[in-house]
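Just so you know, these numbers use all the heavy atoms, side chains as well, and skip hydrogens, waters and symmetry mates. The structure presented is a predicted model; accordingly, all values stated were derived computationally and were not measured.
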Amino acid sequence: MGRTERGAALGPLESEVMDVLWRGSDAVPVRGVLTELNRDRTSPLAYTTVMTVLSRLAERGVVRRRPAGRGYAYEAAASSPAEIAVRRLLDDYGDAALVSFVDQVDADEDLRSRLRRLVDGG
C-alpha cells in the first residue's frame with residue numbers, strides 16, 4: 001500500500017500534501033507545497049486551498065509550522081500514515097485504545113510473536 005492509499009485518517013488532498021512534506025528534508029513553505037502539487041495537475045489548486053489544508057493539519061498535530069517570511073513553512077510531525085492513525089486513535093480513545101490493543105495481542109499468539117520481534121528490533 002502506497003503512502004497515498006490511506007484510511008480515514010487523511011483525506012485525498014491531505015495525503016498528497018503529506019507526501020510532499022515526507023519527500024522534503026526541510027520545512028516547506030505553502031508556495032513550495034503548491035508548486036509540487038500542481039506539477040502534474042491539469043486544474044491547478046489555489047494557494048488558499050493548500051494553505052487551508054496545511055493549517056488544518058497543523059491544528060491536528062500532523063504537521064509543525066514555523067514562521068518563514070510573511071507566512072509559514074511546514075514539516076511533517078508524523079513519519080508515516082500509520083503514525084498518524086495511531087496518534088488519532090490514541091487521541092480519540094486514550095487508554096481504552098491501549099487496553100484493546102493489549103487484549104488483541106494477548107488473544108493472538110501470532111500477533112504476540114510479531115510484537116516481540118518488533119520490540120526486540122528484529
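- Residues passing the side-chain hydrogen bond (donor to acceptor under 3.5 Å, both in side chains) test with Arg41 are Glu16, sequence neighbours excluded.
- In this structure, Ala77 and Gly61 approach most closely via the heavy-atom pair CB-O, 3.4 Å.
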Listing, residues 92-105 side-chain donor-acceptor contacts under 3.5 Å, not counting sequence neighbours, or none:
none

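- Listed by chain and residue number, nothing satisfies the side chain to side chain contact (heavy atoms under 4.5 Å, CB included) test with Ser43 (two or more places apart in sequence, or in another chain).
- If you take OH on Tyr47 and CG on Asn38, they are separated by 13.0 Å, rounding to the nearest 0.5 Å.
- Legend: salt bridge (Lys or Arg N to Asp or Glu O under 4.0 Å) pairs involving residues 65-83, not counting sequence neighbours, sorted by first then second residue: Arg64-Glu75, Glu83-Arg87.
- Under a hydrophobic clustering in which Ile, Leu, Val, Met, Phe, Trp and Tyr are joined whenever their side-chain heavy atoms come within less than 4.5 Å, directly or via other members, Val30 and Trp22 fall into the same cluster.
- Closest approach of Leu10 and Ser15 over heavy atoms only: CB-OG, 3.6 Å.
- A salt bridge (Lys or Arg N to Asp or Glu O under 4.0 Å) check over residues 20-34, counting only residues at least two apart or in different chains, returns the pairs Arg23-Glu36.
- How far CE of Met51 is from CG of Leu45: 13.0 Å, rounded to the nearest 0.5 Å.
- To the nearest 0.5 Å, atom CZ of residue Arg116 and atom CG of residue Asp120 are 8.5 Å apart.
- For Arg112, the CZ atom is densely surrounded, since the number of other residues' heavy atoms within 6.0 Å is greater than 12.
- Atom CD1 of Ile84 sits about 8.5 Å away from atom OG of Ser79, to the nearest 0.5 Å.
- Partners of Ser113 according to the side-chain hydrogen bond (donor to acceptor under 3.5 Å, both in side chains) rule, which considers only residues two or more places apart in sequence or in another chain, are Glu109.
- Residues meeting the side chain to side chain contact (heavy atoms under 4.5 Å, CB included) test with Val33, sequence neighbours left out: Val17, Val20, Leu21, Val28, Leu37, Val50, Leu54.
- To the nearest 0.5 angstrom, Arg39 atom CZ is 11.0 Å from Leu34 atom CG.
- Take Ala46 and apply the side chain to side chain contact (heavy atoms under 4.5 Å, CB included) test, not counting sequence neighbours, and it matches Thr48, Thr49.
- In this structure, OG in Ser55 is found 4.0 Å from OH in Tyr74, a value given to the nearest 0.5 Å.
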